[in-house]
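Following: one structure in structure tokens, then a few remarks.
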Amino acid sequence: MPGVSLVGSGSACLTVQLSNDILSQRVDTSDEWISARTGIRQRHIAAPDDSLTTLATEAARHALTMAQVGAEEVDLILLATSTPDDLFGSACRVQVALGATRAVAFDLTAACSGFVFALVTAAQYIRTGVFKTVVVIGADVLSRWTDWDDRTTCVLFGDGAGAVVLRACERDRLLGFELCSDGSLNHCLNLAYHPEAVPLVGDISVQKGGFAPITMNGREVYKFAVSRVPEVIEKALFRASLTTADIDWMVLHQANQRILDAVADRLGVPLERVISNMARHGNTSAASIPLALDEAIRAGKIQPGDLIATAGFGAGLTWGAAIVEWG
Ligand code: ACO
């Protein structure tokens with residue numbers, strides 16, 4: 001059975017920065033409150049002429065360059081996003097923008113778990129021998145769907161895109177994974193469609209509604225994350241026949257520094273082995289893991305051969321972990 005290796009990473013560079021101080025000109029909040037409760041100091045926001053497609057394409061292009069893989073070699077593009085430019089999907093737009101003419105392309109939605117779910121999904125295509133070269137992108141423009149007058153949510157989120165290139169190889173570097181869902185907690189975190197009945201003809205009506213901004217029960221999401229994330233990482237480690245002592249780096253979904261600290265504490269992982277970029281980026285949903293991964297790789301922190309425990313968690317509710325060896 002072919003194995004999976006991670007051979008390149010990339011991310012998009014967003015130029016618009018929104019600091020806590022500037023945000024507090026819009027809503028009743030402060031840098032002190034936001035940084036103490038979340039660790040976030042600023043976030044990047046997509047400019048009006050950016051699109052999910054342009055950000056995802058930029059991240060994918062950088063990942064392909066690092067991997068030294070041509071776009072025409074790509075067999076599959078998996079785009080994890082909850083904020084597509086088109087509800088029918090944006091992956092095909094990325095495919096054409098990249099010039100990946102041979103690639104099959106589709107979107108996958110699992111909110112902040114999207115990147116881990118897409119990574120594992122991509123690996124199955126490689127392991128079965130169907131595809132050899134896959135680009136996995138996590139990208140979100142949550143600023144489109146944030147209620148900028150709701151201080152309980154708008155301070156948390158930012159926009160971004162990150163990507164990795166996976167290739168078939170002999171020795172499998174996806175060492176273990178575990179994916180979970182619990183729809184009974186769906187109400188805790190939503191970006192929901194609200195239908196409105198509009199008469200069509202006779203007694204037949206159709207729905208012509210719209211999406212409401214993000215709603216969240218912060219306390220419930222916090223409790224869910226600090227209990228479920230350590231558990232799912234331990235299960236993925238068990239499948240890899242590894243323990244937390246073997247892990248060089250933890251790259252978790254960047255939702256809240258307190259969640260990262262609590263997960264590290266429960267697993268007994270020293271904080272210096274936990275990658276965190278949330279002070280600069282906030283919570284970028286599906287983008288947060290590949291963005292943090294790419295920054296740590298380009299900074300020379302994560303080296304070839306390093307073992308990484310990565311875990312995503314968020315709406316659905318969904319959560320999942322993957323143990324990978326970089327390079
Ligand atoms: N600025 C100032 N005050 C605020 C703000 C703000 N931005 N937001 C809330 N407050 C106030 C509240 O009104 C409340 O005031 P009150 O006591 O007078 O009623 C007080 O601060 C405490 O509010 P809580 O909601 O209890 O604050 P908490 O300590 O729970 O922190 C937070 C809120 C940061 C959202 C926390 O619950 C959390 O991090 N939860 C996890 C959320 C998360 O990570 N979501 C994303 C994960 S999934 C995904 O990525 C999509």
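Only a predicted model underlies this, so the values are computations on that prediction, with no experimental measurement involved. Start at 1 and go down the list; that is how both ligands and their atoms are numbered.
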Enumerate, one pair per line, all nitrogen or oxygen atoms of ligand 1 lying under 3.5 Å from a protein nitrogen or oxygen, stating the separation to 0.1 Å; write 'none' if no such pair exists.
unit_1, atom_1, unit_2, atom_2, d
ligand 1, 1 (N), T29, OG1, 2.7
ligand 1, 3 (N), W33, NE1, 3.3
ligand 1, 3 (N), R151, NH1, 3.4
ligand 1, 7 (N), T29, OG1, 3.1
ligand 1, 7 (N), R151, O, 2.9
ligand 1, 13 (O), R151, NH2, 3.0
ligand 1, 21 (O), W33, NE1, 3.3
ligand 1, 26 (O), R219, NE, 3.0
ligand 1, 26 (O), R219, NH2, 2.6
ligand 1, 27 (O), R37, NH1, 3.3
ligand 1, 29 (O), R37, NH1, 2.5
ligand 1, 37 (O), G218, O, 3.4
ligand 1, 39 (O), N256, ND2, 2.4
ligand 1, 40 (N), G218, O, 2.9
ligand 1, 50 (O), H253, NE2, 2.7
ligand 1, 50 (O), N283, ND2, 2.5

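Of the charged side-chain nitrogens involved, none lies within less than 4.0 Å of a carboxylate oxygen, so that D21 and R41 do not count as a salt-bridged pair. Salt bridge absent: D75 and K132 never bring a charged side-chain N and a carboxylate O closer than 4.0 Å. Using a cut-off of 4.0 Å between Lys/Arg side-chain N and Asp/Glu carboxylate O, D182 and R228 are scored as not salt-bridged. Taking a cutoff of 4.0 Å between a charged side-chain nitrogen and a carboxylate oxygen, E32 and R37 do not qualify as a salt bridge.
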Can you give the donor-acceptor pairs under 3.5 Å from side chains of residues 201-216 to other protein atoms, not counting sequence neighbours?
none

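Judged by a 6.0 Å distance limit and a 45° cone about the ring axis, R43 is not positioned over the six-membered ring of F157.
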